[in-house]
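This report refers to the structure that appears directly beneath it.
Positions are given from 1, in the same order as the sequence printed here. Just so it is clear, the values below take in all heavy atoms, side chains as well, and ignore hydrogens, waters and symmetry mates. What you see is a predicted model, and the numbers here were worked out from it, not measured in a lab.
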Amino acid sequence: QVQLVESGGGLVQPGDSLQLSCAATGRSFSTYTMGWFRQAPGKEREFLAGINTWGKRSTYYADSIYGRFVIFRDNDKNTVYLYMDKLKLAETATYYCAGDEAGRSQTRNVGEYKYWGQGTQVTVSS
């Protein structure tokens with residue numbers, strides 16, 4: 001098992017950047033596919049970015065944030081990050097880290113991820 005804890009959320013203005021962290025404890029996630037999602041009130045959970053296992057570390061992104069967000073991981077620290085740039089008002093949401101222990105590639109669906117953190121709030125406001 002692995003436990004995930006997100007951090008780094010906060011209040012920012014439109015156009016600002018922010019970096020989120022997801023720290024894992026209990027077990028190494030070096031062989032896990034990791035992803036970031038977000039969920040705004042009254043809306044479905046939305047896939048943002050994913051990163052494959054340590055063997056490849058290839059990344060993939062949702063069209064909505066392509067070119068603005070970057071996901072990367074540090075397996076030695078059991079931490080995955082999401083760097084977000086040019087944030088928009090509509091991107092106010094709770095941001096979640098997720099892990100797929102099966103290590104499947106290019107996973108984008110909520111149901112493919114078994115482990116989830118409690119989320120960190122990002123508020124974009126002018």
Side-chain angles (χ1 to χ4, degrees):
Q1 293 186 331
V2 63
Q3 295 79 46
L4 305 176
V5 180
E6 302 95 337
S7 63
L11 175 64
V12 297
Q13 296 183 6
D16 282 357
S17 61
L18 194 66
Q19 183 167 291
L20 307 180
S21 299
C22 174
T25 60
R27 186 180 179 88
S28 173
F29 67 18
S30 62
T31 60
Y32 289 25
T33 297
M34 302 296 295
W36 282 96
F37 293 75
R38 68 187 174 198
Q39 187 167 22
K43 296 186 177 181
E44 296 182 347
R45 198 172 303 169
E46 175 189 12
F47 169 80
L48 300 175
I51 184 166
N52 295 314
T53 64
W54 67 270
K56 297 180 180 180
R57 290 194 182 189
S58 58
T59 58
Y60 50 100
Y61 300 91
D63 291 341
S64 61
I65 55 85
Y66 186 82
R68 295 189 297 116
F69 291 11
V70 178
I71 184 172
F72 58 102
R73 66 196 296 168
D74 185 337
N75 289 332
D76 291 335
K77 296 181 179 179
N78 262 359
T79 302
V80 62
Y81 305 88
L82 182 69
Y83 175 76
M84 306 180 291
D85 195 18
K86 300 177 181 178
L87 284 161
K88 304 174 181 179
L89 290 173
E91 293 177 314
T92 292
T94 301
Y95 285 67
Y96 296 93
C97 174
D100 168 29
E101 65 182 350
R104 291 167 289 194
S105 63
Q106 309 297 113
T107 52
R108 294 172 176 263
N109 299 320
V110 170
E112 294 176 307
Y113 290 88
K114 181 178 180 179
Y115 300 101
W116 295 85
Q118 294 300 305
T120 185
Q121 179 67 35
V122 174
T123 301
V124 185
S125 177
S126 61

Taking [X] for its side chain and [Y] for its backbone only, find out whether a donor-acceptor pair lies under 3.5 Å.
X     : Y      : result
Glu6  : Gln118 : yes
Thr79 : Lys77  : yes
Arg45 : Val110 : no

Measure the spacing between [atom1] of [X] and [atom2] of [Y] and express it to the nearest 0.5 Å.
X      : Y      : atom1 : atom2 : value
Asn78  : Ser30  : CG    : OG    : 7.5 Å
Gln106 : Glu112 : CD    : CD    : 10.5 Å
Ser21  : Tyr83  : OG    : OH    : 13.5 Å
Thr107 : Ile51  : OG1   : CD1   : 11.5 Å

- prompt: Going by atom types only, do Ser58 and Asn52 share a side-chain donor-acceptor pair under 3.5 Å?
  reply: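 Yes, Asn52 and Ser58 have a side-chain donor paired with an acceptor closer than 3.5 Å.
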task: Kindly write out the residues that satisfy salt bridge (charged side-chain N to carboxylate O under 4.0 Å, His left out) with Glu101, not counting sequence neighbours, or none if the list is empty.
output: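 Glu101 satisfies salt bridge (charged side-chain N to carboxylate O under 4.0 Å, His left out) with Lys114 only.
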With the 4.5 Å side-chain cut-off for hydrophobic clustering, are [X] and [Y] part of the same group?
X     : Y      : result
Val12 : Leu48  : yes
Met34 : Phe47  : no
Leu18 : Val80  : yes
Ile71 : Trp116 : no
Tyr61 : Phe37  : no

message: Show the nearest heavy-atom pair for residues Pro14 and Ser125, with the distance to one decimal.
response: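 Between these two residues, the closest heavy atoms are CD-O, 3.5 Å.
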- request: Over all heavy atoms of both residues, which pair between Leu4 and Ala24 is shortest? Give the atoms and the distance, please.
  value: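 For Leu4 versus Ala24, the nearest heavy atoms are CD2-CB, 3.7 Å.
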Within the 4.5 Å heavy-atom criterion, are [X] and [Y] side-chain neighbours or not?
X      : Y      : answer
Thr53  : Thr33  : yes
Tyr115 : Phe29  : no
Tyr113 : Asp100 : yes
Cys22  : Trp36  : yes

Exercise answer: donor-acceptor pairs, residues 90-98 side-chain atoms, under 3.5 Å, sequence neighbours excluded:
{"residue": "Glu91", "atom": "OE1", "partner": "Arg68", "partner atom": "NH1", "Å": "3.1"}
{"residue": "Glu91", "atom": "OE1", "partner": "Lys88", "partner atom": "N", "Å": "2.9"}
{"residue": "Glu91", "atom": "OE2", "partner": "Arg38", "partner atom": "NH1", "Å": "3.2"}
{"residue": "Glu91", "atom": "OE2", "partner": "Arg68", "partner atom": "NH1", "Å": "3.4"}
{"residue": "Glu91", "atom": "OE2", "partner": "Arg68", "partner atom": "NH2", "Å": "2.5"}
{"residue": "Thr92", "atom": "OG1", "partner": "Leu89", "partner atom": "O", "Å": "3.3"}
{"residue": "Thr92", "atom": "OG1", "partner": "Val124", "partner atom": "N", "Å": "2.8"}
{"residue": "Thr92", "atom": "OG1", "partner": "Val124", "partner atom": "O", "Å": "3.2"}
{"residue": "Thr94", "atom": "OG1", "partner": "Gln121", "partner atom": "OE1", "Å": "3.0"}
{"residue": "Tyr95", "atom": "OH", "partner": "Arg38", "partner atom": "NH1", "Å": "3.1"}
{"residue": "Tyr95", "atom": "OH", "partner": "Glu91", "partner atom": "O", "Å": "2.7"}

